[in-house]
Amino acid sequence: MNEAPKSLNFLEHIVEEDLKNGFPKEQLRFRFPPEPNGYLHIGHASSICLNFGLGLRYDSPVNLRFDDTNPVKEEQEFVDAIKRDVKWLGYNWDTERYASDYFQQLYDWAIVLIKKGKAYIDSQSSEEMAAQKGTPNEPGGHSPFRDRSIDENIRLFEAMKKGEFEEGTHVLRAKIDMSSSNMLMRDPIMYRILHKVHHRTKSDWCIYPMYDWTHGESDYIEQVSHSLCTLEFAMHRELYDWFLDQVYDERTVRPKQREFARRNLSHTVVSKRKLLKLVEEGVVNGWNDPRMPTISGLRRRGYTPESIRNFADTIGIAKRENLIDVSLLEFHVREHLNKVSPRVMGVLDPIKVVITNYPEGEEEWLEAENNPGDESAGTRKVPFSGEIYIEKNDFREEANRKFFRLKLGGEVRLKSAYIIKAESCTKDTDGNITEIQCTYDPKSKSGSGTQESLRKVKGTLHWVSVKHAFEAEVRIYDRLFLDESPDTHKDKDFMDFVNPDSLKVIKGFLEPSLKNAKVEDRVQFQRLGYFCVDPDSTSENLVFNRTVTLRDTWAKIQQNN
RNA sequence: UGGCCUAUGGUGUAAUUGGCAACACAGCUGGUUUUGGUCCAGUCGUUCUAGGUUCGAGUCCUAGUAGGCCAACCA
């Protein structure tokens, strides 16, 4: 907010332009309008950051408005989840609103339209109406009910409201233009009959307003100045304005709809239907599975609100098609986690190292820094002993100069501990290495300041003391889809691209300081990645989710060979 | 036989509104480093096509091309 001149996106330009043309800054108001029929995902997060970001930028109120005009699909559970997610992202709405709060006002205005001859009751079936609607290339025809008298329209509409008709028997339509090139202007439906219980208004209503009739008028009621939505609503703008014209009073703020392109993330899907399929077919374990692009999934995965906000800020906003590489999201979570997460040591694929010259039965507690980039993070004690675990792939019997980890005859630094040298290793009958024998240099202790401790050795390994380490469950997550755009292939289903290795559950050996880690704690397992404590954790069985690996140039080197 | 929207490095977004095309990510090279992390330095590479207006066009105009959206009693 307070840094040097940041360039504006096209929506901010529009606001600036309005301000320049005399729109009072105090009357700026925005809204985030989710339909409570599903969970918020990363795409919504961008929209949330956009609208609330505008609120922050101009110090303007932002309403959280639930667009709950369809009782068939909407539930309180989603309202609660959405509120939790928006809060978690770090935003505060001015007021919590519901389109259903406006049902009476909307009804009254509908009567006004009928009286002005701008709306009528159509008693055809939906099939008949569809057939009449024409196509984008051909104009539609008029309904035989289009010229009902105002009195009859009023009488029928009231009867609809009283519940005197079956679902599907009548609708209220705006009387606009059946030959418009914009299909939405061909006498759009304003109300339909639905004998359903609404999550808030219960059984008060059996007629429910449609989106187009509701949304703009709700913006108007709330005096939202800029109503931002995605591109597919661009054609709705003409209707949005037409409806507004019917009730607009010059003395009030006239809401302005503008459209932006939704932002697509690579290697993922976000449509409700597809996410539901992943849940129902057991590809993932629920809506908040750490592989899901839902806010709750990202949270459980270990993403921070800051990283998501920074991501949204970086990708910007425009009107063209886009596919943002997920590596940018990963960059932002690494960037933030690098600053805030304590470093710890854990070995996920252990091999035992015996330090042959370490005094039998002895142990010592060494000082280790919690974050080399942040002195204020302090230090902690880590136990060392004559038997430790290191990662299997940190040892090779022989290797070239590029491999600066442990090899026979070679030296390596144990992070925050001593320099060791591999002398020999033992194998089982299949030739698998089962143990490595090393010697250590007692004078090389980290931080001791001795000549030996200051020696430069190329490699530094993380480790845990066998005797002190404890076991925990570690869930290694990877991208859910192997294809960057799994749901855009004409000949293939997105399910064909599910990564079979998106989750591996393993056992890790962790340093004892982690024993009292709490759910949602985030740490960096040194040299491995960032991990987050999962809510499945119990006091006997801690569960860590891998949020993201560290950048791994070694992996890249190996890949290129 | 339509209407609306869009087109800038590999990706995303900018360009003081007509004035030297920039920022981030990704890639590559080197340096620092008790994390092959971080950090630092460097490097690669861009205005869909064809005309037009202009001293000057990514920006304005025309045509073309490519992509997206539009015919739910969904939002």
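First the proteins, then the strands, lettered A, B, ... as listed; each starts at 1.
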Check the side chains of A:Ser125 and A:Glu128 for a donor-acceptor pair under 3.5 angstrom, ignoring hydrogens and angles.
yes

Does A:Arg192 place a side-chain N or O at less than 4.0 Å from the phosphate oxygens OP1/OP2 of B:A75?
yes

Starting at the 5' end of RNA chain B, write a dot or bracket for each base, bracketing those in Watson-Crick or G-U wobble pairs whose two distances are under 3.5 Å and using | for partners on another strand.
.((((((..((((.....[..)))).(((((.......)))))....(((((..]....))))))))))).....

So does A:Arg527 reach the base of B:G36 with its side chain, donor to acceptor, closer than 3.5 Å?
no

Would you kindly check if the NZ (Lys) or CZ (Arg) of A:Lys196 is within the cone defined by 45 degrees around the ring axis of A:Tyr208 and under 6.0 Å from the six-membered ring centre?
no

Does a side-chain N or O of A:Arg455 approach OP1 or OP2 of B:U34 to a distance below 4.0 Å, or not?
no

Using centres under 5.5 Å plus planes under 30 degrees as the test, is A:Tyr211 stacked with B:A75?
no

In B/S/- notation (B base, S sugar-phosphate only, - none; protein heavy atoms under 4.0 Å), nucleotides 44-49 of chain B written 5' to 3' is ------

Toward the 5' end of RNA chain B, which comes first, A:Arg405 or A:Glu321, by nearest nucleotide?
A:Arg405

Who pairs with A:His41 by ring pair (Phe, Tyr, Trp, His ring centres under 6.0 Å), at least two apart in sequence or on another chain?
A:His44

Does B:G37 have OP1 or OP2 under 4.0 Å away from a side-chain N or O of A:Thr553?
yes

Closest listed nucleotide, where the reference is the side chain of A:Leu328 and the choices are B:C25, B:G36, B:C70
B:C25

Tell me whether the centres of the aromatic rings in A:Tyr440 and A:Tyr418 are closer together than 6.0 Å.
yes

Name of the residue among A:Arg173, A:Arg148, A:Lys175, A:Glu158 meeting side chain to side chain contact (heavy atoms under 4.5 Å, CB included) with A:Asn153
A:Arg148

Between B:A57 and B:A15 - C1' atom distance, rounded Å:
13 Å

